[in-house]
Amino acid sequence: MKTETFRGFGGVVLSVERHGSPEDPGVVLVHTGGQSAVAWRQTAEALVAAGRHVLCPDLRGHGRSARPADGRYDLDAYAEDLRALLRALPTRPVIVGVALGAAIALAAIADDGAHLAAGVVTAGVAPDLDPEAVRRLARDPRPDEGADPRWTTGLDMATLQQTLESVLGQVRLPLLILHGADNRLVSLEARESMARRAPNARHVEIEGASHDIAADQPERFQALLLEFLETEAPRDPMAYQSGSDVRTLRDALGCFGTGVTVVTTTDGNGTPVGLTANSFTSVSLAPPLLLFCLARSAGSLAAFEASSTFAVNVLHIGQQPTSDRFARPGEDRFAETAFEPWHDGVPALVGSLAVFLCRKHAVHDGGDHRIFVGEVIRARFEPRRDPLLYFRGRYRRLHFA
Ligand SMILES: Cc1cc2nc3c(=O)[nH]c(=O)nc-3n(C[C@H](O)[C@H](O)[C@H](O)COP(=O)(O)O)c2cc1C
């Protein structure tokens, strides 16, 4: 288990526990108010054993997460925190939430948040919560978690109800809705009305459990969760077909491991221009051609369109900071990077694994990218270094010598 931090809504520093291998399909477990990620340890262990990668954030003001300076504990702020975590993941996880955590999970997938998750499991929440029971629970959070007592004051029940109603009415993602039969927060009528609002969801009632089903009936909870994961987010290959969302296509394309390059040129003033690109491919030996693809949205596009020469710098394992720098917008990328002007002043990054200096041969339309084909006029390379690799949205290194 590893504990990491990430930035949530308004920059608040939040803590997340990571269990298992990031290669496995993800599950995000969201605890309820007054608890912390620690509440999920047993569930996380069971999920890791079943081949899942598990992330358990501490909500703002809970566990190791910071208390927001502006004191915001409303549903929107919590949901934005969760979205920030989801956006940073290489693939879409299933989100599981208990009570407040479940409300946050549903709020996070509202509107365009829907593409951030593969499915949602809620335990112990419904739009029509019993307000008196909520107040009682908020006054008496679990004593051992040391949560900021203000977390309850920001929660407006009317907003929560409205948000949940609206999400349940629009959600297309696979949804499993669990209720503990002994839950004082959610009456039988509230459960029935939730079932009517989400007719495509699977609804299960669990005897001998209150809102915190994971704690009260761990085995039953885990069995239901695993069954849902196996059906809705199987470990088999994900599928893409035309019309599916772009993220799935990116995930599919990310299965092709590549090296990493920085492509460089100069603009009309002779100022160096460059960006990180892994869309590099050798094309032809006679004549010697290669290509890379440049997004039409890239700020560097105009310079590459105008210039008649460019260079492809293949990065070695020690150049990951360079790759990061040339992929981040708004940085003076060359200020921190050793380079030498090569033919026509085109910058060659010092120490690269290989540099190919090219005369522009052709530029083709490539949808939302432009395809730059270059004729190699000079190349130099370093035969003894390992490459920087990129696979499934992350940097990698060679495993064998
Ligand atoms: C590993 C990696 C590979 C990338 N490959 C490409 C690519 O092939 N083509 C592209 O247009 N952008 C690619 N990018 C994104 C650009 O580097 C990034 O958007 C950069 O900020 C663009 O800079 P610009 O807008 O100044 O041109 C890649 C980013 C990373 C981290």
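Because the structure is a prediction, the values reported are computed rather than measured. Note that ligands are numbered from 1 as they come in the structure, with each ligand's atoms numbered from 1 the same way.
In this structure, the protein non-hydrogen atom closest to atom 11 (O) of ligand 1 is Ala295 N, 2.8 Å. In this structure, the protein non-hydrogen atom closest to atom 27 (O) of ligand 1 is Ser300 OG, 2.4 Å. The closest protein non-hydrogen atom to atom 25 (O) of ligand 1 is Gly299 N, 2.8 Å. Of the protein's non-hydrogen atoms, Ala327 O, 3.5 Å is the one closest to atom 20 (C) of ligand 1. When hydrogens are left out, the protein atom nearest atom 8 (O) of ligand 1 is Ser279 OG, 2.6 Å; that is the closest non-hydrogen contact.
Not less than 6.0 angstrom separates the ring centroid of Phe256 from the ring centroid of Tyr390. Note: His53 and His19 fail the aromatic proximity criterion, with ring centroids not under 6.0 Å apart. For an aromatic pair to be called close, the ring centres must be under 6.0 Å apart, and Phe381 with Phe356 fails this.
For the pair Phe280 and ligand 1, no heavy-atom separation below 4.0 Å is found. By the 4.0 Å heavy-atom criterion, Tyr390 is counted among the residues contacting ligand 1.
When the heavy atoms of Asp368, Thr258, Leu275 are ranked by distance to atom 22 (C) of ligand 1, first place goes to Leu275. Among Val260, Asp324, Leu301, Thr276, the residue whose heavy atom sits closest to atom 30 (C) of ligand 1 is Thr276. When the options Val263, Val262, Asn278 are ranked by their closest heavy atom to atom 5 (N) of ligand 1, first place goes to Asn278.
The distance from atom OG1 of Thr258 to atom CG of Leu253, rounded to the nearest 0.5 Å, is 11.0 Å. The OG atom of Ser352 sits 4.5 Å away from the CD atom of Gln319 when rounded to the nearest 0.5 Å.
By the criterion of a heavy-atom distance under 4.0 Å, the side chain of Arg333, and not its backbone, is placed next to ligand 1. If you look at Cys293 next to ligand 1, the close heavy atoms, those under 4.0 Å, all belong to the backbone. Using a 4.0 Å cut-off between heavy atoms, Phe326 contacts ligand 1 through its backbone alone, with no side-chain atom that close.
Atom CD of Glu45 sits in a sparse spot, with 12 or fewer heavy atoms from other residues, nucleotides or ligands closer than 6.0 Å.
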Salt bridge (charged side-chain N to carboxylate O under 4.0 Å, His left out) between Arg41 and Glu17: does it pass, once the steps are laid out? CA-CA 9 Å; Arg41 293 263 170 92; Glu17 285 189 3; 2.6 Å; yes
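The main-chain N or O of Val355 is never found under 3.5 Å from a side-chain atom of Asn313 such that the two would form a donor-acceptor pair.
Between Phe292 and Phe372, the ring-plane angle classifies as parallel under the 30° and 60° cut-offs.
Of all atoms in ligand 1, numbered sequentially from 1 with element shown, those under 4.0 Å from a heavy atom of Leu294 are 11 (O).
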